[in-house]
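Here it is, the structure in full.
As the structure is a computational prediction, the values presented were derived from the model and not from experiment.
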Amino acid sequence: MSLHDYDEDELVLPRVALAADEPSEILRYAYDSFRAGIPVALVTLVDIRGGAARAIGAQMAVRGDGRYCGFVSGGCTEAAVAAEAVQALRKGHDRFLRLGEGSPFFDIVLPCGGGITLSIHILKKADPVGHVLSNLASRRPATLRYTPGSESMEFGGEGSRSQAGWFDGTFITHYQPRIRVLLCGGSVELTTTAAVARAAGYEVEQIDPAVDRNAFASKIDQFSAVALLFHDLHRELPLLQAALRSNSFYIGALGSRRTHEKRVTLLREHGCEDADIARIKAPIGLFDKARDASSIALSVVADIAAAKTRVPQAPLSYK
């Protein structure tokens with residue numbers, strides 16, 4: 001299938017192919033469509049005026065047959081955006097689209113009251129997207145560099161920053177591996193938290209409490225959250241020590257404040273520094289005094305999500 005298979009006068013009704021906002025799923029949809037010979041455009045949110053439902057860098061993948069996935073707003077404009085992307089595919093040229101405030105489309109009003117600008121780029125090669133997908137599969141960050149002047153998109157390596165934006169006339173989109181939640185314990189809290197974390201879209205691993213600490217440490221990276229849901233401090237200790245030596249963005253441990261005081265004493269006896277101990281969120285979770293397994297699970301997953309948004313990010317210089 002090629003662009004020539006579409007009649008410019010033929011009505012194409014945009015329709016959702018995959019309701020997803022996980023970047024790797026959107027890129028995979030674009031990559032697989034292109035490799036299958038189906039024309040596809042990558043739509044990117046490149047500017048926000050006022051409020052917006054999505055962050056800079058949010059994306060959609062739109063095929064020439066009108067099927068699309070991803071979100072650049074709250075779901076109210078995606079079909080209209082897909083229709084514009086189909087027209088761009090038929091014309092064979094990239095374009096920008098303004099919606100909401102400052103837009104010529106008066107019938108498309110964003111609920112947030114602001115305005116957004118979208119770039120619509122017709123994919124001309126699969127390799128840049130393929131490189132990003134390969135990096136993410138290896139749990140490494142990646143970037144795409146879009147240059148409107150040449151209507152080109154290139155793989156930009158891993159990148160040293162994590163926020164999307166314009167830089168010297170090129171829009172850089174950053175991608176990070178999916179958050180991995182490592183859960184360890186032997187209680188009902190573990191299975192319930194695993195279910196909630198998966199429902200939230202996180203990659204989840206339930207760790208055998210008897211795992212070797214080095215094997216456990218090898219699973220942890222900067223995109224990992226560690227939640228230890230033990231009721232026994234001594235069984236928890238080896239894994240907690242391994243987590244404290246890692247660059248995990250979140251380390252939480254089950255137990256009351258009194259239990260945590262005992263934990264701190266035990267860690268100090270085993271040579272842990274106070275600065276490392278301070279990384280532990282205990283009692284674990286976003287809200288205190290959760291008692292039943294469901295409340296604990298919700299509290300833990302919400303705390304992990306909140307912690308991820310607090311990770312410092314160096315902004316790009318927009319130009």
Checking D47 against R98 for the salt bridge (charged side-chain N to carboxylate O under 4.0 Å, His left out) test, could you report, in this order, the C-alpha distance in whole Å, the side-chain angles of both residues, the deciding distance, and whether it holds? CA-CA 9 Å; D47 183 58; R98 291 167 65 92; 5.3 Å; no
Can you list everything that forms a salt bridge (Lys or Arg N to Asp or Glu O under 4.0 Å) with R213? Sequence neighbours excluded, please.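 Partners of R213 by the salt bridge (Lys or Arg N to Asp or Glu O under 4.0 Å) criterion come out as none, since no residue qualifies.
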How far does CG of L183 sit from CD of E189, to the nearest 0.5 angstrom?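 If I round to the nearest 0.5 Å, the distance is 11.5 Å.
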To the closest 0.5 Å, what do you measure between CG (L229) and OG1 (T192)?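 Interatomic distance, L229 CG to T192 OG1, rounded to 0.5 Å: 10.0 Å.
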Kindly give the heavy-atom pair with the smallest separation between I172 and T143, and that separation in Å.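 Answer, listing the atom of I172 first, then T143: CG2-CB, 4.0 Å.
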Check for me, please, whether I38 and L18 land in the same ILVMFWY cluster - side-chain distances under 4.5 Å, paths through other members count.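 Unlinked, I38 and L18 end up in two clusters.
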Non-hydrogen atoms of G57 and A164 that approach each other most closely: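 Residues G57 and A164, closest heavy atoms: CA-CB, 3.9 Å.
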Just wondering, do K308 and F249 contact through their side chains at under 4.5 Å, heavy atoms?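 SC-SC contact between F249 and K308 confirmed.
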Of the non-hydrogen atoms in P209 and G185, which two are nearest, and what is the gap between them? CG-O, 3.4 Å
If hydrophobic clusters are built by linking Ile, Leu, Val, Met, Phe, Trp and Tyr wherever their side-chain heavy atoms come under 4.5 Å apart, do I179 and V204 end up in the same one?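 In one cluster: yes.
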Shortest non-hydrogen contact from I284 to A227? CD1-CB, 3.9 Å
Residue pair Y68 / V81, side-chain heavy-atom distance below 4.5 Å: no
Begin from the C-alpha positions of I56 and Q163 and carry the test side-chain contact (heavy atoms from CB on, under 4.5 Å) through to its verdict. CA-CA 8 Å; I56 290 284; Q163 288 186 332; over 6 Å; no
Starting from L244 and following side-chain heavy-atom contacts under 4.5 Å between hydrophobic residues (I, L, V, M, F, W, Y), which residues can be reached?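 L244 shares its hydrophobic cluster with L182, I207, V211, F216, I220, V226, L228, F230, L233, L237, L239, L240, I251, V264, L266, L267, I277, I280.
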Does this structure show an ion pair linking R245 with D276, if we count only N-O contacts that are shorter than 4.0 Å?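 Judged by the 4.0 Å cut-off on N to carboxylate O distance, R245 and D276 do not form a salt bridge.
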Tell me whether K262 at atom NZ has more than 12 heavy atoms from other residues, nucleotides or ligands lying less than 6.0 Å away. no
Identify the heavy atoms of S134 and R140 that sit nearest to each other, and give their distance. O-NH2, 4.4 Å
Any residue meeting salt bridge (Lys or Arg N to Asp or Glu O under 4.0 Å) with D221, in chain and number order, not counting sequence neighbours: R139
Restricting to pairs with a member in residues 131-155, which pass ring-ring contact (aromatic ring centres under 6.0 Å, His included), not counting sequence neighbours? H121-Y146, H131-F155
I want to check something: taking the side chain as every heavy atom from C-beta on, are T44 and L144 in contact at a cut-off of under 4.5 Å?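 No, their side chains stay 4.5 Å or more apart.
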Can you list everything that forms a side-chain contact (heavy atoms from CB on, under 4.5 Å) with A302? Sequence neighbours excluded, please.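 side-chain contact (heavy atoms from CB on, under 4.5 Å) list for A302, sorted by chain: L286.
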Heavy-atom donor-acceptor pair, S248 side chain to S224 backbone, under 3.5 Å: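 Yes.
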Steps toward side-chain contact (heavy atoms from CB on, under 4.5 Å) verdict (I120, V62): CA-CA 9 Å; I120 302 176; V62 183; over 6 Å; no
Under the rule for side-chain contact (heavy atoms from CB on, under 4.5 Å), what residues qualify as partners of D292, not counting sequence neighbours?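 For D292, the residues satisfying side-chain contact (heavy atoms from CB on, under 4.5 Å) (neighbours in sequence not counted) are S294, S295.
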If you round to the nearest 0.5 Å, how far is CD of Q222 from CD of Q176? 7.0 Å
Please examine the side chains of R198 and V181, heavy atoms only from C-beta on, and report whether any two atoms are closer than 4.5 Å.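 They are not in side-chain contact.
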When you compare the side chain of Q59 with that of L27, does any pair of heavy atoms fall below 4.5 Å? yes
Test ring pair (Phe, Tyr, Trp, His ring centres under 6.0 Å) applied to F171 - qualifying residues, sequence neighbours left out: W166
Could you tell me whether the side chain of F34 reaches within less than 4.5 Å of the side chain of V129, counting heavy atoms only? no
Straight-line distance of H260 NE2 to T265 OG1, nearest 0.5 Å: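 Separation between the atoms: 10.0 Å.
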Is the number of heavy atoms from other residues, nucleotides or ligands within 6.0 Å of CZ (R35) greater than 12? no
Apart from V188 itself, what residues make up its hydrophobic cluster, given side-chain heavy atom links below 4.5 Å? none
Across all chains, not counting sequence neighbours, the side-chain contact (heavy atoms from CB on, under 4.5 Å) partners of R54 are D21, L45, A58, F71
Side chains of Y202 and I304: does their closest heavy-atom pair fall under 4.5 Å?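 Yes; the side chains approach each other to less than 4.5 Å.
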Less than 4.5 Å apart, any side-chain heavy atom of E151 and any of I122?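 Of all side-chain heavy-atom pairs linking I122 with E151, none is under 4.5 Å.
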Among all residues two or more places apart in sequence or in another chain, which pass the side-chain contact (heavy atoms from CB on, under 4.5 Å) test with Y29? A17, S33, A61, R63, R67, C69
So CE of M60 and OG of S73: to nearest 0.5 Å the spacing works out to 10.0 Å
Nearest 0.5 Å, please: how far is CD in E236 from CZ in R263? 4.0 Å
Apply salt bridge (charged side-chain N to carboxylate O under 4.0 Å, His left out) to E154 and K125, showing your working. CA-CA 9 Å; E154 302 293 340; K125 52 186 177 181; 2.9 Å; yes
Could you check whether any side-chain N or O of E78 sits under 3.5 Å from a backbone N or O of G75, counting only pairs where one atom can act as donor and the other as acceptor? yes
Which atom names give the shortest non-hydrogen contact between Y31 and G130, and what distance separates them?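 In this case the closest contact between Y31 and G130 is CE1-CA, 3.5 Å.
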Counterpart residues, salt bridge (Lys or Arg N to Asp or Glu O under 4.0 Å), relative to D212 (two or more places apart): none
Can you list the steps and then say if T117 with R49 is a side chain to side chain donor-acceptor pair (under 3.5 Å)? CA-CA 8 Å; T117 300; R49 302 176 297 283; 2.8 Å; yes
Could you list the residues that satisfy salt bridge (Lys or Arg N to Asp or Glu O under 4.0 Å) with E25, not counting sequence neighbours? R178
